[in-house]
Amino acid sequence: MSLIKITNIKRDFVLGNEIINVLKGIDLNISKGEYVALMGPSGSGKSTLMNLLGCLDTPTSGQYILNGNDVSQMSDDNLAEIRNKEIGFVFQTFNLLPRTTALNNVALPMIYAGYSKSERLARAEQVLKQVGLGDRMDHEPNQLSGGQRQRVAVARALVNKPSIILADEPTGNLDSKTSVEIMNLFNEIHANGNTVILVTHEEDIAAYAHRIIRLRDGLVESDKPNK
Ligand SMILES: Nc1ncnc2c1ncn2[C@@H]1O[C@H](COP(=O)(O)OP(=O)(O)O)[C@@H](O)[C@H]1O
Ligand SMILES: [Mg+2]
C-alpha cells in the first residue's frame, strides 16, 4: 500500500482577476521507507506540492490519500490533527522558538498530541541524544550553531514518530561542511525506517536520496531511482 497516493492533483491560486495554475495534474505514489528528493527550478511548484503533501494546504482538485486517509477535502481542524500525527517538518530557516531551550522546542509538538509533561521531556531527551545534542539540551537557539539548530529541528520533526519527514531546502542556510553533517543525519533517519522527502534545487543534496522526482512548470518531468 502507498503511504502517499496522489491522483491528478491540481492547485490554482487566484491573484486579482487572474487564475494561476501552479500544479497542473500531478500523480505520485510514495511507499513507506522511501527516500525521495523533489527537485525543479524556482517557481516550478515544489513548495506548493510540499504544502499539500504536508497537509498545510488542500488541492483545488484531485485526490490525496495519506496513510489510508483521504485528506483532499478535509477541514482545517482534521487536517491539523493528521498533520501533527503523520508529518514531521524541517524548514530551511529552522523555525525554532526563540528564548526556549532545545529540550522544550523538541517537546512542544507532543503537547498537542496529548502526552504528559514527564513523557514529553523523556521523549524529547531521547530524540535530542539521537541527533547528537545530548549535551546541548538546555541551550536556546541563539546559543547554538546553524547546524545544531537544524539538528534540534530534526529532533522536533521526529518526536511524535511521524510517518513522513518533510524537509524543504533543509541545508539552504548551512555551509557545505554542515550540510554534509545534516545530510548524514537524514541518511541515519532513513536507515532507521523513516520515510524522508526533501525538497532541494541542489544536485549534490538530491544525490543522497534514493529516488529523484523533477518538477517543471507544475508537472512531473521525470521520476527516477537514484541508487
Ligand atoms: N499563494 C499563492 N498565490 C499566488 N501564487 C502563488 C502562491 N503560492 C505560490 N504561487 C506561485 O506558484 C508558483 C510556484 O511556486 P512555488 O511552489 O513556491 O515554487 P518553488 O518552490 O518550486 O520555487 C510561483 O509562480 C508562485 O509565484
Ligand atoms: Mg520553494
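Indexing begins at 1, ligand by ligand and atom by atom, following the structure's order. The shown structure was predicted, so the numbers you read here are calculated from the model rather than taken from an experiment.
- Side-chain atoms of Q148 and R151 include no donor-acceptor pair closer than 3.5 Å.
- Judged by distance alone, the side chains of D168 and S47 do bring a donor and an acceptor atom under 3.5 Å apart.
- A heavy-atom separation below 4.0 Å is not found between G40 and ligand 1.
- A donor and an acceptor atom, one from each side chain of D70 and S72, are located under 3.5 Å apart.
- Per-residue contacts place K46 under 4.0 angstrom from the following atoms of ligand 1 (heavy atoms of the residue considered): 17 (O), 19 (O), 20 (P), 21 (O), 22 (O), 23 (O).
- Proximity of V22 to ligand 1, defined as any heavy-atom pair under 4.0 Å, is confined to the side chain (atoms from C-beta onward).
- With hydrogens and angles ignored, the 3.5 Å screen pairs no side-chain donor or acceptor of R11 with any backbone N or O of L49.
- Among all protein heavy atoms, the one lying closest to atom 19 (O) of ligand 1 is G45 N, 3.3 Å.
- Because the distance cut-off is set at 2.8 Å, S47 qualifies as a neighbour of the Mg ion (ligand 2) through one of its N, O or S atoms.
- For atom 25 (O) of ligand 1, the choice among S47, S44, G43, S42 with the nearest heavy atom turns out to be G43.
- The presence of a protein heavy atom under 4.0 Å from atom 22 (O) of ligand 1 is confirmed.
- Checked by atom type and distance alone, the side chain of H190 pairs as donor or acceptor with a backbone atom of G33 at under 3.5 Å.
- At distances below 3.5 Å, at least one donor-acceptor pair connects side-chain atoms of N160 with backbone N or O atoms of P109.
- Which parts of ligand 1 touch P41 is read off a 4.0 Å heavy-atom cut-off, strictly below it: atoms 22 (O).
- Remark: of the listed residues V36, V199, I26, V36 is the sole one forming a side-chain contact (heavy atoms from CB on, under 4.5 Å) with I213.
- At the top of the distance list for atom 8 (N) of ligand 1, counting protein heavy atoms only, stands F13 CE1, 3.5 Å.
- Ranking the protein heavy atoms by distance from atom 16 (P) of ligand 1 puts T48 OG1, 3.7 Å first.
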